[in-house]
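See structure below.
All values derive from a computational prediction rather than experimental measurement. Both ligands and their constituent atoms are indexed starting at 1 by order of listing. Computed from heavy atoms alone, side chains included, the values below leave out hydrogens, waters and symmetry copies.
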Amino acid sequence: MTTDASAKPAPRASSLPVKPRIYSGIQPTGRPHLGNDLGAIRNYVAMQDKYEAIYCIVDYHALTHVHDPELLRRQTLEMAAALIALGLDPKRCTVFVQSDRPEVTELCWLFNTVTPVGWLQRTPTYKEKRANQPDDVNHGLLTYPVLQAADIALPKASLVPVGKDQAAHLELSREIVRAFNARYGETFPEPQAVYTEAPVVLGTDGVKKMSKSIGNTIEVLAEPDVIRRQIMSMVTDTERIKRSDPGRPQVCNVCQMHRHFGPDYEAIWDGERTATTGCVDTKKLLAERIIAHYAPAREKYTELMADLPKLRAILDEGAERIRPIAEATMTEVRERMGLR
Ligand code: AMP
Ligand code: TRP
């Protein structure tokens, strides 16, 4: 687990939580992929005991690109079930849906007033999103990082487990909080990103970041045959043409993934280097290991999705637990800003 070295330590303020509070948000993209799990969710699970942990399914953020109400509702529940199946325990951490605590939209508006528009226009993800959805450059895309800063600041979280692709957003969150603190007095800690051992997981193409929108994912909770098909389609070492050519595990995405699914990955790498094993063998082994690793989670996921009222109740309870925290922050912020 590593933290972002560029971040300053959180300021001490009397109104900060005693046990360090962590927060992370994840978009309701349905069932998570391997990049989500290795890059972020593993840390959510590891951090739930040491910290007061809050995890949120960010459906307001999703509205910047999902415009099908039924799909959004279904994928929100799917992501909630998946997080619990992968190891979040609602007794030890809080899991809630962003729109169940609408105070965050008020904080987002207040943060808009301390955020220069140039910061948002320069954000790399904004430029990417504009390019990806040229017919739908809605204002939410520009304000997206302000809402993210508000998410983190509402519970005054100081640590944020995320993948490396969120580094620029976290930097912006710190700047927004700093701008608020400078204008209205120390109110919020400056949040730091926390990364796993796999902060950037490449997709099956072996080149781009694994992402649902690119379609290069390995869906960890899918049926075994789907996982097999996705892994067998992976691009390996492109310079290993013949079976007898030695492989280069350091540049092979399949070999890199083996690191996370067994202590013997060095032996697997040796097999590749000496051409004792071929890429197909290495992929088949990876597929079987990933299927076995996620089998209990897959079963738990199916169970949770079979009882949606129970799942909804867990999320309702999560939102209720956040209520006093959100209300206390908003009362303080309104007072500091002169709203009452
Ligand atoms: P998203 O689906 O974009 O909401 O991502 C949820 C979490 O997974 C965020 O913390 C991301 O940084 C992380 N994540 C998504 N894709 C990857 C990837 N390919 N490698 C590492 N982390 C990722
Ligand atoms: N922007 C994040 C992503 O795309 C999701 C997110 C929203 C988030 N709010 C957050 C992540 C707060 C961490 C903290 O993955």
Side-chain angles (χ1 to χ4, degrees), residues 2 4 21-45 47 53-66 75-76 78-80 82-83 86 88 96-99 101 104-105 107-108 111 123-126 128-129 132 140-141 143-174 176-177 188 191-220 253 256-257 260 322:
T2 52
D4 196 335
R21 201 172 266 162
I22 67 165
Y23 176 100
S24 197
I26 189 162
Q27 294 210 42
T29 46
R31 295 184 300 194
H33 57 69
L34 192 61
N36 295 139
D37 189 40
L38 297 182
I41 299 170
R42 278 191 177 190
N43 261 357
Y44 297 2
V45 175
M47 294 173 87
I54 301 170
Y55 301 113
C56 182
I57 298 136
V58 293
D59 54 352
Y60 284 142
H61 279 98
L63 285 172
T64 57
H65 59 99
V66 180
Q75 291 197 332
T76 299
E78 284 175 352
M79 183 54 83
L83 291 177
L86 287 167
L88 292 192
F96 78 109
V97 176
Q98 190 182 30
S99 62
R101 254 319 20 105
V104 77
T105 57
L107 188 58
C108 175
F111 277 1
T123 309
T125 45
Y126 173 61
E128 257 167 54
K129 286 172 186 183
N132 288 344
L141 289 181
T143 319
Y144 185 106
V146 187
L147 181 58
Q148 180 159 349
D151 281 333
I152 301 167
L154 189 67
K156 299 196 174 186
S158 43
L159 294 175
V160 184
V162 278
K164 197 85 186 199
D165 60 333
Q166 293 300 308
H169 283 160
L170 260 286
E171 181 55 39
L172 207 46
S173 290
R174 280 193 289 279
I176 292 170
V177 157
F188 298 109
Q192 293 183 37
V194 182
Y195 300 124
T196 66
E197 309 285 294
V200 183
V201 176
L202 297 182
T204 49
D205 51 13
V207 183
K208 295 198 179 117
K209 181 193 88 154
M210 187 177 287
S211 160
K212 196 162 175 179
S213 58
I214 299 173
N216 60 357
T217 58
I218 296 166
E219 286 170 78
V220 292
N253 194 23
Q256 290 303 316
M257 280 184 185
H260 309 287
I322 302 299

Quick note on ligand 2: atoms under 4.0 Å from a heavy atom of Val162 include exactly 11 (C), 13 (C)
When distances are taken from atom 10 (C) of ligand 2, the protein heavy atom at minimum range is Gln148 CG, 3.4 Å
Here the atoms of ligand 2 under 4.0 Å from any heavy atom belonging to Tyr23 are 12 (C), 14 (C)
For atom 15 (O) of ligand 2, the closest protein heavy atom turns out to be Gln166 NE2, 3.4 Å
Just distances here: any N/O of Ala198 and N/O of ligand 1 closer than 3.5 Å?
no
Between Leu86 and Val45, the two heavy atoms sitting closest are O-CG2, 3.6 Å
Honestly, for Ile152 the part within reach of ligand 2 (heavy atoms, under 4.0 Å) is side chain
Examine Val200 against ligand 1 and note whether any of their N/O atoms are separated by less than 3.5 Å.
-> no
Looking at atom 12 (O) of ligand 1, is any protein heavy atom nearer than 4.0 Å to it? yes
Relative to each other, are the rings of Tyr55 and Tyr44 parallel, tilted or perpendicular (30° and 60° limits)?
parallel
Open item on the list: I want to know if ligand 1 touches Gln27 in the polar sense, i.e. an N/O pair below 3.5 angstrom.
Closed with: yes
In ligand 2, the atoms that come under 4.0 Å of a heavy atom of Gln27 are 4 (O)
Atom 11 (C) of ligand 2 sits nearest the protein heavy atom Gly25 O, 3.2 Å
Fill in: Donor-acceptor side-chain pairing of Asn43 and Thr196 below 3.5 angstrom
no
**Message:** Looking at ligand 1, would Pro199 count as a contact under a 4.0 Å heavy-atom criterion?
**Reply:** yes
Contact region, Leu170 to ligand 2, non-hydrogen atoms below 4.0 Å, reads neither
Closest non-hydrogen contact found for Gly206 with Asn253 is CA-ND2, 3.9 Å
Is there a polar contact, in the sense of an N or O pair closer than 3.5 Å, between Ser24 and ligand 2?
no
closest protein heavy atom to atom 4 (O) of ligand 2 is Tyr144 OH, 2.9 Å
Exercise. Heavy atoms, side chains only, cut-off 4.5 Å: are Val160 and Val194 in contact?
Worked result: no
Strictly by modelled atom types, are Thr123 and Thr125 linked by a side-chain donor-acceptor pair under 3.5 Å?
no
**Asked** Quick check: does Ser24 get an N/O under 3.5 Å from an N/O on ligand 1?
**Response** no
The answer for which part of Lys212 has a heavy atom under 4.0 Å from ligand 1 is neither
A student checking ligand 2 against Val58 at a 4.0 Å heavy-atom cut-off should list atoms 7 (C), 9 (N)
**Report entry** Within-cut-off N or O pair, Gly39 and ligand 1, under 3.5 Å
**Finding:** no
If you compare Pro28, Gly35, Pro32 by their heavy atoms, the one closest to atom 23 (C) of ligand 1 turns out to be Gly35
| message | In this structure, does ligand 1 have an atom that sits under 4.0 Å from one of the heavy atoms of His61? | response | no
_Geometric N/O contact Tyr44 with ligand 1, under 3.5 angstrom_ = no
Atom 9 (N) of ligand 2 sits nearest the protein heavy atom Asp151 OD2, 2.8 Å
